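Each remark here refers to the structure printed beneath this line.
Quick caveat: nothing in here was measured; it's all calculated off a predicted structure.
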Amino acid sequence: MYGNKSRYLSYKYINKDADNLRISLEKNDLLNQKNFIKILYFLKIQPEATEIFSDSKYFDQLMVIDKLQNLAPHNSQIFIKEHPDQKRNDPMARANFWNSISKKKNIFVLPTEDTPSSLFRHFDVIATLEGTVGWEALRNLKPVICFGRPWYLSMPGAFYVDEILDF
């Protein structure tokens, strides 16, 4: 499946390295902190494979996080929730992503076991490319920042990122 044995071992090593990087960024105790605007961003599985062909300029999730950091006030924290199937992605891409995230300030990672519905109550704003998690957030009366143009964008509480002037 992976070719020869050395390729397989490299694949396993990079995958383990990506997992260790991600786990080192994981925080559990920050959800109960006050005095911060907490933003939850849900990662999409391989957005580059689908979003690059749409008219969205936010096909790279690091670009999304950079935009959120620039848009959010100084007293905000951004939390990332990885999709449970994220391990299907290329391990090198995951390792590069988590390495880049580790260098950013006020970015935290949540455990993959947490379900979206259990997380909504802890956050002030939900951000997504265009996933169904945005619709779930709207149904839980949470404002949603969309980096794509999902079908629920015209609903009250959904905002397209490039049309937000004041957070």
Begin from the C-alpha positions of Tyr41 and Gln61 and carry the test side-chain hydrogen bond (donor to acceptor under 3.5 Å, both in side chains) through to its verdict.
CA-CA 10 Å; Tyr41 173 59; Gln61 300 200 89; 2.8 Å; yes
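- The shortest heavy-atom contact between Leu110 and Lys81 is CB-CD, 4.4 Å.
- Within the model, atoms CZ of Phe147 and CD of Glu130 stand 12.5 Å from one another, a figure rounded to the nearest 0.5 Å.
- Heavy-atom minimum distance, Pro73 versus Ile37: CG-CD1, 3.6 Å.
- Rounding to the nearest 0.5 Å gives a distance of 11.0 Å between OG1 of Thr132 and CZ of Arg139.
- Counting heavy atoms from C-beta outward, Phe120 and Pro116 have side chains that approach closer than 4.5 Å.
- Panel note: side chain Ser100, backbone Asn96; a donor-acceptor pair is recorded below 3.5 Å.
- Across Tyr152 and Gly131, no two heavy atoms sit closer than the pair OH-O, 2.5 Å.
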Intermediate values then yes/no, side chain to side chain contact (heavy atoms under 4.5 Å, CB included), Thr128 and Trp135:
CA-CA 10 Å; Thr128 181; Trp135 173 244; over 6 Å; no
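- Inter-residue side-chain proximity for Asp66 and Lys104 is flagged as met; some heavy-atom pair is nearer than 4.5 Å.
- Hydrophobic clustering, with ILVMFWY side chains joined whenever heavy atoms are under 4.5 angstrom apart, keeps Met63 apart from Val161.
- Listed here is the closest heavy atom pair of Leu138 and Lys142: CD2-O, 3.7 Å.
- Proximity of Ile126 to Ile145: side-chain heavy atoms (C-beta onward) are nowhere separated by under 4.5 Å.
- Looking at heavy atoms from C-beta onward, Asn35 lies out of side-chain contact with Asn75 at the 4.5 angstrom threshold.
- Residues Phe79 and Ile39 form no side-chain contact, since every pair of their non-hydrogen atoms from C-beta on lies 4.5 Å or further apart.
- Between Cys146 and Pro150 the shortest heavy-atom distance is SG-CG, 3.8 Å.
- The heavy-atom pair separating Lys105 from Gln69 by the smallest distance is O-NE2, 2.8 Å.
- Taking the side chain as every heavy atom from C-beta outward, Phe42 and Glu82 never approach each other to under 4.5 Å.
- The shortest side-chain heavy-atom distance between Ser118 and Thr115 falls under the 4.5 Å cut-off.
- Proximity of Phe159 to Val144: side-chain heavy atoms (C-beta onward) are nowhere separated by under 4.5 Å.
- Taken from CD1 in Ile107 to CD1 in Ile101, the straight-line distance is 5.5 Å, to the nearest 0.5 Å.
- In this structure, the side chain of Asp124 engages the main chain of Lys38 through a donor-acceptor pair within 3.5 Å.
- Checked by atom type, the side-chain pair Asn20/Lys16 shows no donor-acceptor distance below 3.5 Å.
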With side chain to side chain contact (heavy atoms under 4.5 Å, CB included) as the criterion, how do Leu40 and Val125 come out once you've worked through the C-alpha distance, each side chain's angles and the decisive distance to 0.1 Å?
CA-CA 6 Å; Leu40 177 56; Val125 178; over 6 Å; no
Would you check, one step at a time, whether the test side chain to side chain contact (heavy atoms under 4.5 Å, CB included) holds for Ile65 with Phe97?
CA-CA 11 Å; Ile65 291 168; Phe97 177 80; 3.9 Å; yes
